[in-house]
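Following: one structure in structure tokens, then a few remarks.
Letters A, B, ... are given to chains in the order of the sequence lines, protein chains preceding strands, and every chain is numbered from 1.
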There are 2 protein chains.
Amino acid sequence: MSALPQLKDFDKFSVVHGFIPDFGATSLAASASVKRIKAGETLYVEGDDAPFCYQMISGVAKEYNTLEDGRRQVADFYGVGELFGISELTEQLHTAEAITDCAVRCFPREKFLRAVETNPVLSHRFVGALMTRLHRSRERMVMLGRMNAVQRTASFLLRLAEEQEKATDIQFLMSRQDIADHLGLTIETVCRTLTELKKKGLILMPVARLFSILDEEGLEGIAHGAAGLR
Amino acid sequence: MSALPQLKDFDKFSVVHGFIPDFGATSLAASASVKRIKAGETLYVEGDDAPFCYQMISGVAKEYNTLEDGRRQVADFYGVGELFGISELTEQLHTAEAITDCAVRCFPREKFLRAVETNPVLSHRFVGALMTRLHRSRERMVMLGRMNAVQRTASFLLRLAEEQEKATDIQFLMSRQDIADHLGLTIETVCRTLTELKKKGLILMPVARLFSILDEEGLEGIAHGAAGLR
DNA sequence: CGTTGTTTTGAGTTTTCTCAACATGTGTGG
DNA sequence: CCACACATGTTGAGAAAACTCAAAACAACG
């Protein structure tokens, strides 16, 4: 029924096996530069000219859009190996901001796109990355459009666990506000929901930025719409 | 019923408007076949094997995901010329269902991807299509995550107007349920919101499946979060 | 230790949803 | 062409979910 196959596995596999985004190991490497930014700094802002596209070398960043009234929607978080900041326009459509200190590889946009078009291996990798990204944003549309607060939160926790490949001592690298802006909720609702999951014994959260999953099936049940807890 | 170009119009249409990515005019043309499906039939179902990817020749289809409890999220609507049903997996991630009778060009998936990788022109078009798609789904994340019912509806109406390139006698090709499933609302909320826009004199809606925009700035103001009407 | 920023909890309000009834349309067979 | 059945769309009333505003608890940091 539901259960969009998780692409996380694929991403991880690809990064580890150099099968995706080893965009640095080609002719592109020469024209790429490395930039370091501190936590909280922006790499680019919505509407900026977009002379580069980026690959995360270390650290985590968030990519978001801002509405007139200041509300934000965090489209995605990018970790090591991930490619971001590319669009068909020469203008950035989002704002990217470092969550932790980051090092990013910067590829000149035009050169990058040209290389992709003419190099079958690169093309394969890039198209794969784009499709993965698309798949991910589709999953998030389902979450935002059709899940309630508990479901959104539960599935987010499971995603973090999967990304960090563990079930205990999983880190929240982002703030509650970032989580809220990603899940389409308010910060208060995120807090309340986490507390609820804690009270029901599904997770452990000794401090705000760290949690462990106590009942994975339970969490999955909730994420996938089990009644009872909603 | 449907005012979309029918199959007979397609040749003329695609020739005149070069805007359709002409995936058919290459070596791929030979291996592509055309399939016709009736309104309401599915082209593929989530989880199916995905031997093909598709380009709409005539008609309109919707692509959606279903949750355990039957709730649906319509990710996108596809009209003439659009490419859909491609992912990096050999399995369909969504369900595609015809809204009107449709004719679709079917490309064998593997052959298609191979052609894209090795042909710079095709690669350029395909990458462009993917990036556009990605951009679109990002916009929808903002809508689903951070807009209220009136804003979602107003921006949807503006989108339809833009797609159909007119401000009067714009058709709803899809049902209220489809709209609701796309906007992440219930059918009742969509109705109420449309009625509200009508009462405020922003749109005209003589019959359920047809509307005209009376006050475009007003609608845009609402879509972009103007206070007053919310 | 105070200061500042982040997270959590509480109380009351607003929005959207649910359930139910009613209206409008469309299509079919008599 | 009418009558009936069935699908689709609209409206209303009350319930539920999430939001807002406000305050308190907790952490991090100089």
Side-chain angles (χ1 to χ4, degrees), chain A residues 38-40 62 67 69-73 99-100 143-154 156-157 171-199 203-211 222 225 227-230, chain B residues 1-2 38-40 62 67 69-73 99-100 143-154 171-199 203-211 222 225 227-230:
Chain A
K38 291 229 157 69
K62 64 189 174 199
L67 277 81
D69 59 5
R71 282 177 303 172
R72 300 186 310 173
Q73 176 64 39
I99 289 179
T100 65
M143 176 192 81
L144 293 170
R146 287 294 180 232
M147 288 185 181
N148 64 30
V150 194
Q151 295 177 313
R152 295 184 203 190
T153 307
F156 181 67
L157 295 182
Q171 274 191 71
F172 290 105
L173 293 161
M174 64 296 285
S175 69
R176 291 289 189 270
Q177 186 62 60
D178 289 338
I179 298 174
D181 288 341
H182 182 56
L183 302 185
L185 300 170
T186 58
I187 187 171
E188 294 96 330
T189 300
V190 171
C191 280
R192 277 188 256 272
T193 306
L194 286 171
T195 303
E196 193 182 341
L197 293 173
K198 206 163 76 173
K199 279 187 186 155
I203 61 169
L204 215 62
M205 198 169 59
V207 294
R209 294 289 189 115
L210 213 60
F211 74 100
I222 288 169
L229 194 81
R230 353 181 359 187
Chain B
M1 171 82 203
S2 155
K38 291 228 159 68
K62 63 189 175 201
L67 276 77
D69 59 5
R71 283 177 303 172
R72 299 184 311 171
Q73 176 64 40
I99 288 179
T100 65
M143 176 193 81
L144 293 170
R146 287 293 179 233
M147 288 185 181
N148 64 30
V150 194
Q151 295 177 312
R152 297 184 202 190
T153 308
Q171 275 192 71
F172 290 105
L173 294 160
M174 64 296 286
S175 69
R176 291 289 188 271
Q177 186 62 60
D178 289 337
I179 298 174
D181 288 340
H182 182 56
L183 302 185
L185 300 170
T186 58
I187 188 171
E188 294 95 331
T189 300
V190 170
C191 279
R192 277 187 257 273
T193 306
L194 287 172
T195 304
E196 194 182 340
L197 293 173
K198 207 163 75 173
K199 279 185 186 156
I203 61 169
L204 215 62
M205 198 170 59
V207 294
R209 294 289 190 115
L210 212 60
F211 74 99
I222 289 168
L229 194 82
R230 6 181 348 194

Test side chain to side chain contact (heavy atoms under 4.5 Å, CB included) applied to Thr186(B) - qualifying residues, sequence neighbours left out: Glu188(B), Thr189(B)
Any residue meeting side chain to side chain donor-acceptor pair (under 3.5 Å) with Gln171(A), in chain and number order, not counting sequence neighbours: none
Donor/acceptor link under 3.5 angstrom from Arg71(A) side chain onto base of dT20(D): no
Base dT15(C) paired with Arg152(B) side chain (donor-acceptor, <3.5 Å): no
Residues which pass salt bridge (Lys or Arg N to Asp or Glu O under 4.0 Å) with Arg209(A), listed by chain and number, not counting sequence neighbours: none
Nearest-0.5 Å distance that lies between atom CE in Met174(A) and atom CZ in Phe156(A): 4.0 Å
Nucleic acid footprint by protein, nucleotides 22-30 of chain D - heavy-atom cut-off 4.0 Å, B for base, S for sugar-phosphate alone: ---------
Side chain to side chain donor-acceptor pair (under 3.5 Å) partners for Arg146(A), two or more places apart: Asp181(B)
Partners passing side chain to side chain contact (heavy atoms under 4.5 Å, CB included) against Lys38(B) (at least two apart in sequence or in another chain): Glu41(B), Asp101(B)
Thr100(A): side chain to side chain contact (heavy atoms under 4.5 Å, CB included) partners, not counting sequence neighbours: Val60(A), Cys102(A)
For Ser175(B), side chain to side chain donor-acceptor pair (under 3.5 Å) partners two or more places apart: Asp178(B)
Distance, rounded to the nearest Å, where Arg192(B) contributes CZ and dT15(C) contributes P: 14 Å
Interface with DNA chain C, restricted to residues 172-180 of chain A and to heavy atoms under 4.0 Å: Ser175(A), Arg176(A)
Spacing of Asp69(B) atom CG relative to dC17(C) atom C1', expressed in whole Å: 14 Å
Between the first and last five pairs of the helix from dC1(C)-dG30(D) to dG30(C)-dC1(D), the angle of the axes, rounded to 10 degrees: 40°
Nearest-angstrom distance from the residue atom CD of Gln151(A) to C1' of dA17(D): 12 Å
